[in-house]
Amino acid sequence: MLHLNGVELMSESDNQLSRYNPQLVETKWQEFWDKEQIFRATPSPDQEKYYVLVMFPYPSGRIHMGHVRNYAIGDLIARYQRLQNRNVLNPIGWDAFGMPAENAAIQKKSHPAKWTYDNIDAMRIELKSMGLSYDWKREFATCDPDYAHWEQDLFLKLYEKNLVYRKKALVNWDPVDNTVLANEQVIDGKGWRSGAAVERKELSQWFFKITQYADELLEGLEKLPGWPETVKTMQTNWIGKSHGVEFAFKIKGHKEVFGQEPTPEDSTMDVYTTRPDTIMGVTFCSVAAEHPLAKLTAKYNPKAQEFIHSCQSTGTSEEALEKLEKKGFDTGLKAIHPFTGEEIPVFIANFVLMSYGTGAVMAVPAHDQRDFEFAKAYDIPIRVVIQGDGELLDSQTMTEAYVGPGKLLNSAEFDNLDNETAKQTIAQAFDKKGIGRATINYRLRDWGISRQRYWGNPIPMINCKKCGVVPVPVEQLPIPLPKDVELTGAENPLVTHPTWKECTCPKCGDAAQRETDTMDTFMESSWYFLRYCSPDEQNAPLNTQEVNHWMPVDQYVGGIEHAVLHLLYARFFHKALRDIGEVDCDEPFINLLTQGMVRKDTLNCPEHGWLYPNEADESKGKYRCVKCEKDVTVGRNEKMSKSKNNVVDPNDLIAGYGADTARLFMLFAAPPDQDLEWNESGVDGAWRFLNRLWRLLVDIQDRYQGAKPITTTPKNSALKKLRGKVHETIERVTRDMERQQYNTGISAVMEMTNAGGKILSAGEVTDDPEAGSVLMELAHVAVILLNPYTPHITEELWQMLGQEGHLGKARWPKVDPKALVKDEITIVVQINGKLRSRLITPADISKEELEKAALADEKIVANLAKVTVRKVIVIPGKLVNIVAN
RNA sequence: GCGGGUGUGGUGGAAUUGGUAGACACGCCAGAUUUAGGAUCUGGUGGCGCAAGCUGUGGAAGUUCGAGUCUUCUCACCCGCACCA
């Protein structure tokens, strides 16, 4: 019996000639990898490092197809890089804080920690059944006391650096989850998780100064060529940098309107505009409902108050906004135009946002669509100040605002300037007058991280009546969550717990209270990739030396849904940690691969609603419900989701076909960044290929046991051609690995094994003295090239081929350039670009000879009988195109 | 509305980046094999045509000896943002 590091080859009765048994093979190799710690990563000075990272899962209890795809891709990259002799770090862990654990605890009257750790145990088994090459020694969950401890520590370090602050803020309140949401977590005015309509509420909140890094986050994108354009565009738009001018209007009329003299604050109004070139077209101003001038007006005028109220109660849903009419309320106050001295009305308008710029805008109806609509509704003058090429604009007849480029008119000393130049000239004019200056504005706002939830990491702060906000001293960390809580969903147990929040102020020693908010769970995912580098570090959040050895992440793999949220927070947090000396590099993720969704048809029965795939019978393209025989509507092909029942459980797939088949299918069915349509027969195809491969290699080993892979050029031309195919395949698969088009890599190997199978079954050259070594080379190459896709079966076949050791020690094959040299090639002959004939010529044929041969070809001669040749284009090695008429 | 992307056989998808369109697979058709494991093997398979051939990459035009690939316009679908001044 053969042995390999204590692992037995399949027993005699079950060996070489027997069928491919994935369950046996996979269990065997998973145990071997585990026992021998094959994928343990330790820094090594001799090898180039490679850090591959997959987005860690939330421990929901079961893996889904999205995980399988994500981790199959990540593992393929890890194994490929190992074969390229790189020292690979491929870690995994658990994004373990969050609301589902609390909801489950409420439902089951248990504790979130128990639910979470039970789920992790279940999911770990599932992940292990996939045969992923993780360094499991680095595994952690973000709810581990250790991880929470060092996160609190980092929070305090950033607080010291003045990157964290607290302020009262109007927040997005999710009434179902009873918590605050960041702007990024509000989608179409609804909570990203609960789907409930978000309300506005004013609360004291902790913020990270992400806006301080807005410019670097924006510019950093340019240094990331390995990121998809879509993600970079989304982040660019999210940051929303704009150049403009901020200036102040003098405000008058307080006495007339309110019967009161203005306070200094009330007598001016700051506005921000990106269009200073249209300054002479300003005919009114508008302010947000929350603007101080609006509030002032409301104080004296109940109708204004009513109007403001109606603004705030309008929904923020997509539809509501789209149909929302432009409405305003005239404050009666007048703004003084800074250049003309003209008095213009100031309105409270329902479409002005308090949270962007200054909450007040100068309105130019002729050149801004919103202002145009507003002016039409309230009969405000429209003044054209930019004239584009073409027809003359007429303020009386124009039906929409002109927002294009052009020359200035009706603009006094600025007349005839082109508007781009005017932006600068006028900005300077503001500066000279001392009432305004060029400003940069961002759409991005600071990251609010306070959450009124139990199952999160406590914010390590103390509120003292005397001293105010005081940070918890580092030596008192960690602040653990209380274990003795009962979750009801009504109120945060950290608030209601009898003792947890009570403490003494570190400054004055008086009784004080802890901050009861916990941190946004995006905090945990903002530095987990750093903690992976030194997961056991006991004295600090990070071991800087180890972190700097492994960082940055060379390849990050995950879902596109994190394009803005997680990926922007993580970039920011990383840069902040860089600035407190925790890590050296500027960007955490050099290359980003965003995999597409796994989708499946949805089935809907008129009686039973959404059906599971096995609840409908298919015949002739029609589906019937197995329960009621009614016709089933086949809905759109959609992302697999529990609510639509269009899910396939990866565990069933792995139990039935094995992990290798599941992985192969996932990687073969589509390029990784594209959506993947789930298709049962595609799985069968992958399964059959692995069986064919198995049989082919068993056949080769049977016939040519002991043959050494060939290293020279075979004499027989069929064998030479086959060897050419082998090396062409190495070249193609290598290229596909580098360009991350894994589906075509598999195709290439399939072509190669098909060619090998053909030679064997044809039987013509199987007795050639070199046949064995050519086929043995093919077998070896097939095994190694496929190892990143299907690790278990390739290990088993490697061993079956009599190889010492395991594939962890193998190296990616090298192309023998001699093997790629072809004796003859096929040349296409076209007439006027249409295919007319093919020539088989020696590979080294000269241009002239090729032209001659093409023109002498029978079919070509026949086709040229009635026309005159005008020109002949010869592309050596490819084609000849004859231009004739 | 703005920004980004995608349209190729019955299906998933290829096409060395301007040079044989449809690789590889699924499905289907025909045949072989008394066929023990989700069969396997051989051949065929874009459309039209008996054939030579014609035609064909959402549509229209253009550049080019030559266009799935480049340019312009247009249609459809998908994703993101959405009154950001």
Side-chain angles (χ1 to χ4, degrees), chain A residues 19 187-188 228-238 240-242 244 271-275 278 285-286 316 318 321-322 324 326 349-353 355-364 367-371 373-374 441-445 560-561 563-564 596-597 621 636 656-657 661 665 668-671 673-689 691-692 695 728 731-732 735 741 743-751 754 757-758 761 826-838 870-875 877-884:
Chain A
R19 357 184 326 267
I187 296 151
D188 293 346
E229 281 308 317
T230 46
V231 175
K232 288 193 276 189
T233 310
M234 281 162 78
Q235 292 208 353
T236 303
N237 292 343
W238 193 265
K241 182 177 185 173
S242 73
V271 297
Y272 171 75
T273 180
T274 55
R275 295 297 305 272
T278 61
C285 285
S286 36
T316 44
E318 188 178 4
L321 280 177
E322 202 163 336
L324 193 64
K326 302 273 177 290
N350 63 348
F351 61 91
V352 177
L353 304 173
S355 50
Y356 183 79
T358 60
V361 295
M362 65 176 220
V364 186
H367 305 291
D368 181 283
Q369 187 56 28
R370 293 157 302 184
D371 298 341
E373 286 167 30
F374 193 89
N441 226 312
Y442 299 90
R443 185 181 172 277
L444 181 72
R445 273 162 256 149
I560 184 82
E561 65 271 24
V564 183
M597 297 180 297
R636 241 185 57 199
Y657 290 90
T661 294
F665 167 73
F668 179 60
D673 53 342
Q674 232 172 76
D675 280 2
L676 181 146
E677 195 185 329
W678 184 259
N679 176 317
E680 216 61 50
S681 59
V683 179
D684 270 334
W687 162 256
R688 274 184 242 160
F689 170 68
N691 278 281
R692 271 202 308 279
R695 287 194 301 267
E728 182 199 310
E731 199 177 38
R732 282 171 64 183
R735 195 183 78 229
Q741 196 167 297
N743 55 331
T744 48
I746 300 170
S747 300
V749 177
M750 282 173 169
E751 281 184 47
N754 287 350
K758 234 171 204 162
S761 62
T826 306
I827 299 288
V828 170
V829 186
Q830 301 176 327
I831 295 174
N832 295 331
K834 284 184 183 171
L835 178 67
R836 284 290 178 255
S837 184
R838 284 172 231 265
R870 302 289 173 195
K871 197 174 172 187
V872 181
I873 287 137
V874 182
I875 310 292
K878 291 223 159 100
L879 59 71
V880 177
N881 189 12
I882 300 161
V883 187

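All chains are named by letter (A, B, ...) in the order of the sequence lines, taking the proteins before the strands, and each is independently numbered beginning at 1.
The side chain of Arg19(A) lies closest to G37(B) when the candidates are C41(B), G37(B), G12(B). Candidate nucleotides G19(B), C26(B), G4(B) were compared by shortest atom distance to the side chain of Ser681(A), and C26(B) ranks first. Minimum atom distance to the side chain of Trp238(A) is reached by C81(B), of the listed G13(B), C41(B), C81(B). Distances were taken from every side-chain heavy atom of Arg692(A) (C-beta onward) to each of G4(B), G80(B), A25(B); the shortest belongs to A25(B). Among the nucleotides C24(B), C83(B), G12(B), the one closest to the side chain of Ala669(A) is G12(B). In the set A25(B), C84(B), A85(B), C84(B) carries the atom at the smallest distance from any side-chain atom of Arg443(A). Distances were taken from every side-chain heavy atom of Thr744(A) (C-beta onward) to each of G38(B), A14(B), A85(B); the shortest belongs to A14(B). When the nucleotides G4(B), C84(B), C26(B) are ranked by their closest atom to the side chain of Arg370(A), C84(B) comes out on top. Comparing A85(B), U55(B), G12(B) by their nearest atom to the side chain of Lys834(A) picks out U55(B).
Note on Gly244(A): nothing from the nucleic acid sits closer than 4.0 angstrom, heavy atoms only. Asn743(A) comes within 4.0 angstrom of the backbone, heavy atoms only, and of no base. When heavy atoms are screened at a 4.0 angstrom cut-off, Arg870(A) is found touching no nucleic acid atom at all. Val364(A) comes within 4.0 angstrom of no nucleic acid atom, judged by non-hydrogen atoms across all strands. Tyr442(A) comes within 4.0 angstrom of no nucleic acid atom, judged by non-hydrogen atoms across all strands. Across all strands, Tyr657(A) comes closer than 4.0 Å to base atoms (heavy-atom distances). Nucleic acid contact for Asp371(A): none, since no nucleic acid atom lies under 4.0 Å from a heavy atom of the residue. When heavy atoms are screened at a 4.0 angstrom cut-off, Gly685(A) is found touching the sugar-phosphate backbone but no base atom. Contacts of Gln741(A) with the nucleic acid, taken as non-hydrogen atoms under 4.0 Å apart, involve only primed sugar atoms and P, OP1 or OP2. Across all strands, Asn754(A) comes closer than 4.0 Å only to sugar-phosphate atoms, never to a base (heavy-atom distances). Across all strands, Arg695(A) comes closer than 4.0 Å only to sugar-phosphate atoms, never to a base (heavy-atom distances).
In terms of phosphate contacts, Gln830(A) brings no side-chain nitrogen or oxygen within less than 4.0 Å of OP1 or OP2 of G19(B). For G66(B), the OP1/OP2 oxygens have no side-chain nitrogen or oxygen of Arg836(A) closer than 4.0 Å.
Using atom C1' as the reference point in both U8(B) and G59(B), the two lie 14 Å apart (nearest Å). With both ends at atom P, the span from G10(B) to A76(B) equals 23 Å, rounded to whole Å. On the P atoms, C2(B) is 36 Å away from G66(B), given to the nearest whole Å. Separation of the C1' atoms belonging to A21(B) and U69(B) is 11 Å when rounded to the nearest angstrom. With P as the reference atom, C41(B) and U57(B) are 35 Å apart, rounded to whole Å. Atom name C1', nucleotides A39(B) and G46(B): the rounded distance is 30 Å, in whole Å.
Atom pair Leu835(A):CG and A67(B):C1' shows a separation of 16 Å (rounding to whole Å applied). Glu229(A) places its CD atom 16 Å from the P atom of G3(B), with the value rounded to the nearest Å. For the pair Leu676(A) CG and U6(B) C1', the interatomic distance rounds to 16 Å; values are reported in whole Å. Whole-Å rounding puts the Arg688(A) CZ to A25(B) P distance at 11 Å. Residue Ile560(A) contributes atom CD1, which lies 9 Å from atom P of G80(B) at whole-angstrom precision.
Aromatic pair Phe351(A)/Phe374(A): centroids less than 6.0 angstrom apart.
Under the 90° criterion around 0 for the glycosidic angle, G9(B) counts as syn. An anti base is found at U33(B): its glycosidic angle is more than 90° from 0.
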Requested in this report: List the steps and the verdict of salt bridge (charged side-chain N to carboxylate O under 4.0 Å, His left out) for Arg370(A) and Glu373(A).
Outcome: CA-CA 5 Å; Arg370(A) 293 157 302 184; Glu373(A) 286 167 30; over 6 Å; no
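Pairing analysis of RNA chain B (Watson-Crick: purine N1 to pyrimidine N3 plus N6-O4 or O6-N4; G-U wobble: N1-O2 and O6-N3; both under 3.5 Å) yields stems of 3 or more pairs at B:1-7 with B:75-81, B:10-12 with B:24-26, B:27-32 with B:40-45, B:46-48 with B:53-55, B:58-62 with B:70-74.
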